[in-house]
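Contents: one structure, followed by commentary.
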Amino acid sequence: QVQLVESGGGLVQTGGSLRLSCAVASGSVFSINDMGWYRQAPGKQRELVARISSGGSTNYADSVKGRFTISRDNAKNTVSLQMNRLKPEDTAVYYCNADIQHSGYLSPFYRYWGQGTQVTVSS
């Protein structure tokens, strides 16, 4: 069973920085397509923060463009999110996900999620 393990959340003041990391910790992995970060604030739906393809193409939510940077290490099966100039409205539980292929080029991709890590930005 594939597990995604997140780390790096915490409490930070407005204008501060945090770096989130997510690793595919176990399970059979043939290849990983897109990886991404989503967030969910209390009372709100989960929303896309940033995604990165296996080739390194990225897309970001408008609200984080210019402040957040997503990156991945394909050799280590990890994805990270560098968050700078944090704002109180960035407060949420952040989830990573990955589209993973388990066996061979013709096998399907399955999307897995991490357990979530809390990011709190104080004003």
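Note: hydrogens, waters and symmetry copies are ignored here, and every other heavy atom, side chains too, is used. Just so you know, residue 1 is the first one in the sequence shown, and it goes up from there.
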Output for pair (S122 OG, Q13 CD), nearest 0.5 Å, gives 5.0 Å

Selection residues 12-40 - residue pairs positive for ring pair (Phe, Tyr, Trp, His ring centres under 6.0 Å), sequence neighbours left out:
F30-Y105, Y38-W113

If you group Ile, Leu, Val, Met, Phe, Trp and Tyr by side-chain heavy-atom gaps below 4.5 Å, do L48 and V93 land in one group?
yes

Give me the atom names and distance for the closest heavy-atom approach of L4 to C96.
CD2-SG, 3.7 Å

What's the separation between atom CD1 in I70 and atom OG in S57, rounded to the nearest 0.5 Å?
11.5 Å

Working for side-chain contact (heavy atoms from CB on, under 4.5 Å), residues V49 and M83
CA-CA 11 Å; V49 176; M83 305 185 294; over 6 Å; no

Between R72 and S80, is there a side-chain heavy-atom distance shorter than 4.5 Å?
no

Working to the nearest 0.5 angstrom, can you tell me the gap between L86 CG and T14 OG1?
8.5 Å

Filter on ring pair (Phe, Tyr, Trp, His ring centres under 6.0 Å), then keep only pairs touching residues 47-85, sequence neighbours left out; what's left?
none

Heavy atoms only: give me the nearest Q118-T91 pair and the separation to one decimal.
NE2-CG2, 4.0 Å

L20 vs T117 side-chain heavy atoms within contact, under 4.5 Å:
yes

Among side-chain atoms of S17 and N84, is any donor-acceptor pair under 3.5 angstrom?
yes

CG of D99 to OG of S53: how many Å apart, nearest 0.5 Å?
11.5 Å

Which distance, rounded to the nearest 0.5 Å, do you find between the CD1 of I32 and the CD1 of I100?
4.5 Å

Assess R39 against Y95: is NZ or CZ under 6.0 Å from the centre of the six-membered ring, and within 45 degrees of the ring's axis?
no

Is it true that, when you exclude Q115 itself, more than 12 heavy atoms of the residues, nucleotides or ligands shown sit nearer than 6.0 Å to its CD?
yes

Do you know which two heavy atoms are closest between L81 and A50, and how far apart they sit?
CD1-CB, 4.3 Å

Where Y110 and Y112 come nearest, the two heavy atoms and their spacing
O-CD1, 3.5 Å

For R67 against D90, the heavy-atom pair lying closest together:
NH1-OD2, 2.8 Å

Considering only heavy atoms from C-beta outward, does the side chain of N77 approach that of V29 to under 4.5 Å?
yes

Ignoring hydrogens and geometry beyond distance, is a side-chain donor-acceptor pair present between S31 and Q101 at under 3.5 Å?
yes

With a 4.0 Å cut-off, would you call D34 and R111 a salt bridge?
no

Just verifying a value: how many Å separate C22 SG and M35 CE, rounded to the nearest 0.5 Å?
5.5 Å

Do S71 and V79 touch side chain to side chain, with heavy atoms closer than 4.5 Å?
no

Closest heavy-atom pair, V2 versus S28, reported as atoms and distance to 0.1 Å, is CG2-O, 4.2 Å

Please check if any side-chain donor atom of R51 sits under 3.5 Å from a side-chain acceptor atom of N97, or the reverse.
yes

So does D62 pair up with K65, basic N to acidic O under 4.0 Å?
yes

